[in-house]
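Keep in mind the model is a prediction, meaning the values are calculated, not measured. We name chains A, B, ... by the order of the sequence lines, and we start the count at 1 in each one.
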Amino acid sequence: MSPNLHTAITINLTILKSLLHRLISLNHFNQILSQSILTGHIHNTLFSTKLFTFSLPSFPFHHSLRIFTHFLQNPNPFASNSLMRAHVDRNQPHHAISLYNSLSRRSAVFDNYTHPILLRACASRTSELEGRQVHSHVLKMGFGSDLYVNNTLINLYAVCGNMESARKVFDESPVLDKVSWNTVLAGYVQLGDVEEAERVYAMMPVRNTIASNSMIVLFGKSGCIEKARQLFDEIEEKDMISWTALVSCYEQNGIFEEALGLFVEMNANGVVVDEVTVISAVSACAHLMIDRTGKVIHGLATKVGIEGYVSLKNALINLYSSCGEILNARKVFDGGLLADQISWNSMISGYLRCGSVEDAEMLFGSMPEKDVVSWSAMISGYAQHERFSEALALFQEMQVHGIRPDETILVSVVSACTRLAALDLGKWIHAYISKNRLKVNFILGTTLIDMYMKCGCVENALEVFHGLQEKGVSTWNALILGLAMNGLVQKSLSMFETMKKSGTCPNEITFVGVLGACRHMGLVDEGRRYFNSMIEEHKIEPNVKHYGCIVDLLGRSGLLKEAEEVIESMPMAPDVATWGALLGACRKHNNNEMGERVGRKLIQLHPDHDGFHVLLSSIYASKGNWGNVLEIRDSMAQHGVVKIPGCSMLEANGIVHEFFAGDKTHPKINDIEHMLYVVAAKLKIEGYTPSTNEVSLDIDEEEKETALFSHSEKLAVAFGLITIPPTTPIRIMKNLRICSDCHTVVKLVSKAFNRKIVVRDRHRFHHFKHGSCSCMDFW
DNA sequence: ATAGGGTTAG
């Protein structure tokens, strides 16, 4: 208790000053305030101003605000400025501006300190419009030649990216100092205008460290690493920011080792680091996936006492989860006081990256506030783990929560639709985009084209394509691949030519599409030509898929010898699809010698691959080597090959099927085609006679692949190998453009049950993607 | 009072 309080009834300005001088608690302050109100001293402007300015740095903001609004009817510029500055410092620049406006209406007086504060407020809102108004007030009130005012004006325009106006103020300013120069320079740096920045830097009367640091940042941004380094070396008085700028220059240009090296050097030179520096270094570790160094830096951060920065915490979460150290990431997440939105989102996607979907779900569920990124992380996490329907369900749920999807999340969802062939939802999203006039950037556009193409809606895909303002290579690729997979081979190839004319350089993927198109039509010569031009003209090294296409193209045309030679010439190991193409070609062209040789080798090489077994069985079956067919079947059983092509397609369409009751080797075996070979084999070997149930099927002669197939079809029905409940709708998509293997199976089902079956044409994506006709794998 | 460094989440 201050003894003076009781005598404060006679309080006056002098006494107030001495009181405030000794004052320590808010309680005391409030007592003085009450006294001044009672005595009426509060109406003395100097008195109230004194109280106000004292309160501002000492007590919670609302006390000062109350005094200002209630007792400072005619605030002097100093008081007004202080309050405006407090608003800006509290990160509420709009309050500063509206205070200024209301004071203006009351014809309050301002001074040359006022507008710099306001301009800072405008700059932090990047509000050029408000800034212009302040600018006109500046001129009206005659502060137009004040150095500080002009510097903050330059800064305002520079921050808003309007360098013309910034430059105008700069050029017309009667006095310039190094701040003026540095500010103009920073403006060009922010815009990434190397030319103009270099010009300004060269014109500067005296170079200073701040300007040089800005230039390092500029060079870093524009990828001129050597220039940045050179400038850094030339700086006489390097400070922490010079070092940090160069560290981040290396980091942003992907030279992570250099970044870390410089960070170490910096420490060795005794330069103090702060959180900004450490964040760059941690990020470099994350990219390099070296948690050992990361841990050392983490320790350093703790020692320096900067661990508390949320952004550093987030960088560490990212570091540990990139290195698979999810438990350490969680430790960082749980430690410390603050976790912001980014911490939560980083932790969730860290879990997803490490495959802990359940942990991610749990964290997601317990989040205080989910934003678009949280939902998006979870949705695309599901999609990455092939849990597409959960991804789509979550997307629906997100909307129930009133979150508006943005471009990025739409990309994830549309591609999940594509993978699920959920065309309805995909179309709904497309309509949603148009309805809400959302911007379709080229990534989203490409995703939509891809979806429509893979769902067989060429027209919709073309419409999206033509509506796009910007197109990337990937956009053209989606179009070219899409057209080819929908059988519009000529159009695909002509779009390829259009693409080149438009100045877009084709890449590896483009050629996967182009070669795929040729393969589709059996355009052997064109295929060879494109393959060569890819290497010679476009300097693209062929990858496995390109080779796969060529092998398949040659093989399908019966050029088996040549196809095998291509496989032998490949610089990399042929993948399963490429081998499959050759083996498939052997079967198609009845080259049993090569087929057996290749097939034997392949089931040895990939004993758990279903497709090779099936193809080899088929080759044996066509020769009537039934004993070998059974042998292959045993080999499958032995290697636990149970995932057999065909099964998932049928399951996906709700077809229930029970096979071959007597065969217990594979309780759920459901590969129709393969079963048929086995049935045929048993028939031959065991002399089985079909029952009287046998149904005769009319098969178009043209569509018969081999005699075996028609034989098998009869058998399948005769043995009752397949049953479909009559109520089950058979709805397998559209465009019956599938390869002969699928075709046979589908026809079999269709004929046997007298149903119309429409096949959605998605497998052909797979077809191109893997370079062979193992289309059933996809289902 | 005005000027320089930054990563991290989908």
Worksheet item: So, does the side chain of A:S380 form a donor-acceptor pair with the base of B:dG10 at under 3.5 Å?
Response: no
Worksheet item: Is there a donor and acceptor pair closer than 3.5 Å between the side chain of A:D239 and the base of B:dG4?
Response: yes
Which residues pass the side-chain contact (heavy atoms from CB on, under 4.5 Å) test with [X], not counting sequence neighbours?
X      : result
A:E198 : A:V194, A:M215, A:F219, A:K227
A:E275 : A:I306, A:Y309
A:K435 : none

Worksheet, complete the sentence: Note: contacts of residues 204-223 of chain A with DNA chain B (heavy atom, under 4.0 Å) are A:T209, A:I210, A:N213, A:S214, A:V217
Worksheet item: Among residues 314-328 of chain A, which residues get a heavy atom nearer than 4.0 Å to DNA chain B?
Response: A:N314, A:N318
Discussion item. Under 4.0 Å, counting only non-hydrogen atoms across every strand here, what does A:D406 touch: a base, just sugar-phosphate, or nothing?
Written reply: base
Item to complete: Describe the nucleic acid contact of A:I117 in one word from base, sugar-phosphate, nothing, applying a heavy-atom distance below 4.0 Å.
Response: nothing
Worksheet item: Would you find a donor on one side and an acceptor on the other, under 3.5 Å apart, between the side chain of A:D274 and the backbone of A:T277?
Response: yes
Worksheet entry | Within-4.5 Å side-chain heavy-atom neighbours: A:M163 and A:V184 | yes
Output a table of donor-acceptor pairs, distance under 3.5 Å, between side-chain atoms of residues 85-92 of chain A and any protein atom two or more places apart or on a different chain; print 'none' if there are none.
| from | atom 1 | to | atom 2 | distance (Å) |
| --- | --- | --- | --- | --- |
| A:D89 | OD1 | A:R120 | NH2 | 2.6 |
| A:Q92 | OE1 | A:H95 | ND1 | 3.1 |

